[in-house]
Structures are given as C-alpha cells and as structure tokens.
2 protein chains.
Amino acid sequence: MTDDAMDLRARNKQATREAISHAALRLAIEQGPHGLALVRVHDIAEAAGVSSRTYNNYFSSREEAICGFQADQSRRAGQALRSRPADEPLDQAVIAAVIELYTDPEPDKAGLRMIMLTPALEGEALKAFSMAEGPLAEAIAARTGADPERDLSPAVTAAAVAAAIRVAGRHWLTPGTTDTFATILRHALSCVLPATPPDDPAAR
Amino acid sequence: MTDDAMDLRARNKQATREAISHAALRLAIEQGPHGLALVRVHDIAEAAGVSSRTYNNYFSSREEAICGFQADQSRRAGQALRSRPADEPLDQAVIAAVIELYTDPEPDKAGLRMIMLTPALEGEALKAFSMAEGPLAEAIAARTGADPERDLSPAVTAAAVAAAIRVAGRHWLTPGTTDTFATILRHALSCVLPATPPDDPAAR
DNA sequence: CGCACTAGGTGCGTATCACGCAAGTTGTGG
DNA sequence: CCACAACTTGCGTGATACGCACCTAGTGCG
C-alpha cells in the first residue's frame, strides 16, 4: 500500500530517503547523544551508499536526517485515522488509529530515546511529531464535518493529540516504566480528547 | 519583578540576549521569509552592538536567535499560571494566565508571522513554544496536587495548552481574521481543557 | 524497439558558520 | 584595595549547506 502505486522512480527515492535516514539514526545511536557532533555527514552518506551531495538533496541537516523516520511515520497519522470505521466515535477512532500506528511495530526504544532525549535534536524532533498535525486535522475535520477554515477545533485537537503522543513517548522512555506503550498512549490521549459525549457542539 | 532581584551581571546578560534576539528578529522581518539566508550572523551581531563571537555565546544558530523572544515568553507561562488565585478552577486559571501572558502587549504580528510561517524557522518555533510545557506542567501539577512523576495528565495538559496557543497564533495570522487574539486563544484553549461547567464535582 | 525527455545522482567550488582557545575587560566579595 | 569569577572578543579551524554543470537511469511515445 505504501510502496505499490508508486513508479520505480518514486520508489527508489523513498528507498534512498529511508536508507539515509536509517543510516543517520543508526550512526547517531552508536555515538550516543553526547558524540552527536562526531557523526559526520560524510559518514552518513557513505553508510547509506550515496554521495554527500545526494544526502543534502534529501535532508538539509544532520538532525533532519536522523529524525526522518519519525517524520515519515507522523505523516501517516491522517491516513491511519481515515482507515477507522466511520461510525466509531472520534475519541475512540483517534486512540485506536494512533495506537495502531505507533505500536504495529513496537518503536525502537534506542531510536526514540536518541530522538526525544537529545537536546540538539529537540527542534527536529518536535518538527517530526508535528508533521502529524496537518493530515490529522484534515482527517478529524472530515470525520466531524467541521470546516477547518472556520473552526479551530480540528486543528487544535490534532495538535493536542500530537503533543500527547510526544509526552507519552517521553514517559515510556522514563527508566522504571513497565507499562506498554499502548497503555501509556491511551492514558495520554484520553487527557486531551473529549470523553465521548455522543455529539459535540463544536459549532459557534 | 523580572529585572529586579538580579545582580548587574545577570541584568546585563539578559539585556544583551534581548538585544541580539530583537536585532535578529528585526533583520529577519526586513528581509522577509524568503531572504532569511541573507541575514548574516555578522549583521545581527553588529545591529545588537556585540561581536559575532558573543552572538555565538548566546545563540547557536540564527534561527534560535530569531525565536529567542518567543522562547523567553514561553518560559514565563508557569509563573503566569501560579499567579492566578488558587481557588480558580484549573481551566479558567490557565485560560486567564495564557491570555494575560500573550495579550498584555498585543503580539507583534509581523514578528509572529515571521516566526510561525517561515519554514526554515519551524523547528525553532516549535522549540520556543514548547518551552512553556515544563514550567506549565509543574504549575498545573502544583495546582491539582497530582504527582508529575506518576500522573501524565499535567504534562499532557501543558503540552496540549502549548499546542493550542500555537494553533491559535497561526489562526490569528490568517488573512481575514477579525477576532481578537484573546478571543481566539479562549476558543482554542477551551478545546483542550477539561471543560469546567458551572460546577465540576471531581477533579478527575 | 529505440529515442527524446525528465527526474534524480554526483563532483566541485565557495560562502558561512559554530566553536575551542587564550587574552583582555568588567562586576563581585572580602 | 585586591584577588577571583564572569563575560566579551579576535583568531584559527574543521565542517556544512547549497548553487552549478554534467552524467545516469527511468518514462512515455512513435
């Protein structure tokens, strides 16, 4: 579904992007959060099997490359919500969609830890998670029938959901946490989602 | 309150920081979102009356300098909430605090527009707004009596509030918007705060 | 089946940039 | 008035991002 329906070119492009991003994250993990500066662009490109110049065609900074995977995943949030049954209440649909998206393969803790807990990556990490907001907002609006141009609630809810996912991730990485990521996600999301009142008077 | 209680050094330091940040934002606005690359570090330093090297002692990138003001303001969010009367319901207190913080001086639209709508600044802008999360979460926890280590809700709520502010800002900048920023903020925040209808029996 | 077209990859050159280092300058405390 | 600590600054350096021009591979058409 993701790599079908694309011509060879687009497929290769996506593959290269993932190769670079994957290599960047792997090298970053190897060096640890402190030696991030030691990960040279040249190394990333080499590990990914492309030239340094090509690397720069895909990402305009080390940080962006390292967080590329998260960004790609966030972009799928809208689609995940749309694939939920239409008669499901918004909050349940969002929770189910998010949990499916973020636990289908349980996230790589080392990678997440690197992305979320490295100060130098903070900006890009936030950017990566916030990439879910646009698509999510559209999907939410489509579901509630609200007009995104006039009603703030879809955008705000989407942003809140993205924020909740982020906080949940941070909590999941906290040493001593035993709960499943899914459990934590459910908790976090329930803090920001209107607790299923049959119909939401979002109009005004 | 903010510049008293600091010794001369700290005061000068803050002043320098603001001078640099202010100069950076001003120059960025002058060049517009497209010519951001034309704003050289040297220019910023010169406009702020410091050396390029000193500039780098305060900010490690042009982007960070430009968003410095927003970041500083975000840091005050926790304090703003704490200064609300203790018997005020959480949602009202948060709304009042945020509105006061973000409308005491009505934000400079040009500056906000530069910060929020320039792609190259996206990461730093998110970082700037997210700086409210930590202090806000603590203030919320202090108010609800929740233990931030065990309960996600303070952190999630804080993050959601920050996100709502961000979305509200974006909406306020949308051409054709006539509402006050305060009004928009109120709307956005009410989407993510547990609505406190006239009386709410339990705090959970 | 081969060709023109276009998107993507690569090498090179360059303008910046971030930061370590060490010396000079200005507050602070005794 | 002095010794200490914090802050500023100029210099030198390794690394980076990106424009430009050329080359390669995938695509669509006759």
Side-chain angles (χ1 to χ4, degrees), chain A residues 3-24 27-28 31 33-68 72 118-124 127, chain B residues 3-24 27-28 31 33-68 71 118-124 127:
Chain A
D3 26 330
D4 290 353
M6 297 197 289
D7 59 346
L8 226 185
R9 274 194 173 142
R11 206 113 48 82
N12 282 338
K13 195 166 178 179
Q14 179 65 16
T16 314
R17 182 185 163 84
E18 283 174 13
I20 297 176
S21 179
H22 185 271
L27 293 179
Q31 296 295 332
H34 307 293
L36 213 172
L38 302 181
V39 179
R40 313 256 185 255
V41 165
H42 180 271
D43 304 329
I44 299 176
E46 185 172 324
V50 298
S51 75
S52 302
R53 190 63 185 81
T54 298
Y55 151 88
N56 259 337
N57 285 339
Y58 283 86
F59 302 100
S60 55
S61 76
R62 231 190 342 266
E63 295 76 20
E64 195 179 330
I66 295 175
C67 299
D72 286 347
T118 302
L121 294 177
E122 196 184 340
E124 281 301 328
K127 211 165 123 188
Chain B
D3 20 330
D4 290 353
M6 296 198 292
D7 58 347
L8 226 183
R9 274 201 173 133
R11 205 113 46 84
N12 281 339
K13 198 166 175 177
Q14 180 65 16
T16 317
R17 180 184 164 84
E18 284 174 13
I20 298 175
S21 179
H22 185 271
L27 292 180
Q31 294 296 333
H34 307 292
L36 213 171
L38 300 182
V39 179
R40 311 261 184 251
V41 166
H42 180 271
D43 304 329
I44 299 177
E46 184 172 323
V50 297
S51 75
S52 301
R53 190 63 185 79
T54 298
Y55 151 88
N56 258 343
N57 285 339
Y58 284 85
F59 302 99
S60 55
S61 75
R62 234 188 340 266
E63 294 76 20
E64 196 179 330
I66 296 175
C67 299
T118 302
L121 294 178
E122 194 184 341
E124 283 299 328
K127 211 165 124 187

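So you know, we letter chains A, B, ... as the sequences are listed, proteins then strands, and number each from 1. The structure displayed is predicted, hence computed values, not measured ones.
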Enquirer: For residues B/Ala47 and B/Ala23, report the shortest heavy-atom separation together with the two atoms involved.
Expert: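 What the structure gives for the nearest pair is CB-CB, 3.8 Å.
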Enquirer: Calculate, to the nearest 0.5 Å, the distance between atoms OG1 and CD1 belonging to A/Thr54 and A/Ile20 respectively.
Expert: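 Rounded to the nearest 0.5 Å, the OG1-CD1 separation comes to 7.0 Å.
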Enquirer: Separation of B/Arg62 atom CZ from C/dA15 atom C1', in whole Å?
Expert: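 That distance rounds to 11 Å.
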Enquirer: Heavy atoms of chain A, cut-off under 4.0 Å: which first and last nucleotide of DNA chain D, 5' to 3', fall inside that, if you could look?
Expert: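 Using the under 4.0 Å cut-off, the span is D/dA15 to D/dT27.
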Enquirer: Tell me the interatomic distance from A/Tyr55, atom OH, to C/dG8, atom P, rounded to whole angstroms.
Expert: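 Those two atoms, OH and P, are 19 Å apart.
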Enquirer: Evaluate the side-chain proximity of B/Phe59 to B/Ser21: yes if any heavy-atom separation is below 4.5 Å, no if none is.
Expert: yes
Enquirer: Return the 5'-most residue of the pair B/Asn12, B/Ser60 with respect to DNA chain C, ranking by each residue's nearest nucleotide.
Expert: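 Between the two, 5'-proximity favours B/Ser60.
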Enquirer: Using only side-chain N and O atoms of B/Asn56, determine if any of them is under 4.0 Å from OP1 or OP2 of C/dC19.
Expert: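 False: B/Asn56 side-chain N/O out of range (4.0 Å or more) of C/dC19 OP1/OP2.
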Enquirer: Determine whether B/Leu36 and B/Ile66 make a side-chain contact, defined as any pair of heavy atoms from C-beta on separated by less than 4.5 Å.
Expert: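 They are in side-chain contact.
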Enquirer: Are any of the side-chain heavy atoms of A/Glu63 and A/Thr118 separated by less than 4.5 Å?
Expert: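 No; the side chains remain at least 4.5 Å from each other.
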Enquirer: Starting at atom CZ of B/Phe59, determine the distance to atom P of C/dC17, rounded to an integer number of angstrom.
Expert: 16 Å
Enquirer: If you go through the side-chain atoms of B/Arg9, does one of them form a donor-acceptor pair with the base of C/dG27 closer than 3.5 Å?
Expert: yes
Enquirer: Reckon B/Tyr58 touches a base, only the sugar-phosphate, or nothing at all at heavy-atom distances under 4.0 Å?
Expert: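 Sugar-phosphate contact only - B/Tyr58 comes under 4.0 Å of backbone atoms but never of a base.
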Enquirer: Could you tell me whether A/Ser52 contacts a base, only the sugar-phosphate backbone, or nothing, with contacts defined as non-hydrogen atoms closer than 4.0 Å?
Expert: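 Nothing, no nucleic acid heavy atom in range.
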Enquirer: So, OP1 or OP2 of C/dG9: does either fall under 4.0 Å of a side-chain N or O from A/Ser51?
Expert: no
Enquirer: Per the side chain to side chain contact (heavy atoms under 4.5 Å, CB included) rule, which among B/Leu27, B/Leu121, B/Ile44 passes with B/Arg62?
Expert: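 The side chain to side chain contact (heavy atoms under 4.5 Å, CB included) with B/Arg62 is passed solely by B/Ile44 among B/Leu27, B/Leu121, B/Ile44.
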Enquirer: Check each residue of residues 35-43 of chain A for a non-hydrogen atom within less than 4.0 Å of any atom in DNA chain D, then write out the ones that pass by number, or none.
Expert: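 A/Arg40, A/Val41, in order of number.
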Enquirer: If I compare all heavy atoms of A/Gly68 with all of A/Arg17, which pair ends up nearest, and what's the gap?
Expert: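 Shortest heavy-atom contact: O-NH2, 4.0 Å.
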Enquirer: Decide yes or no for B/Lys13 and B/Tyr58: does some side-chain heavy atom of the first lie under 4.5 Å from some side-chain heavy atom of the second?
Expert: yes
Enquirer: Rounded to whole Å, please give me the gap between CG in A/Asn57 and P in C/dT10.
Expert: 9 Å
Enquirer: Test for a donor-acceptor pair under 3.5 Å between the base of C/dG27 and the side chain of B/Arg11, counting only N and O atoms.
Expert: no
Enquirer: Which atoms form the tightest heavy-atom contact between B/Ala65 and B/Tyr55, and what is the distance?
Expert: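 Between these two residues, the closest heavy atoms are CB-CE1, 3.9 Å.
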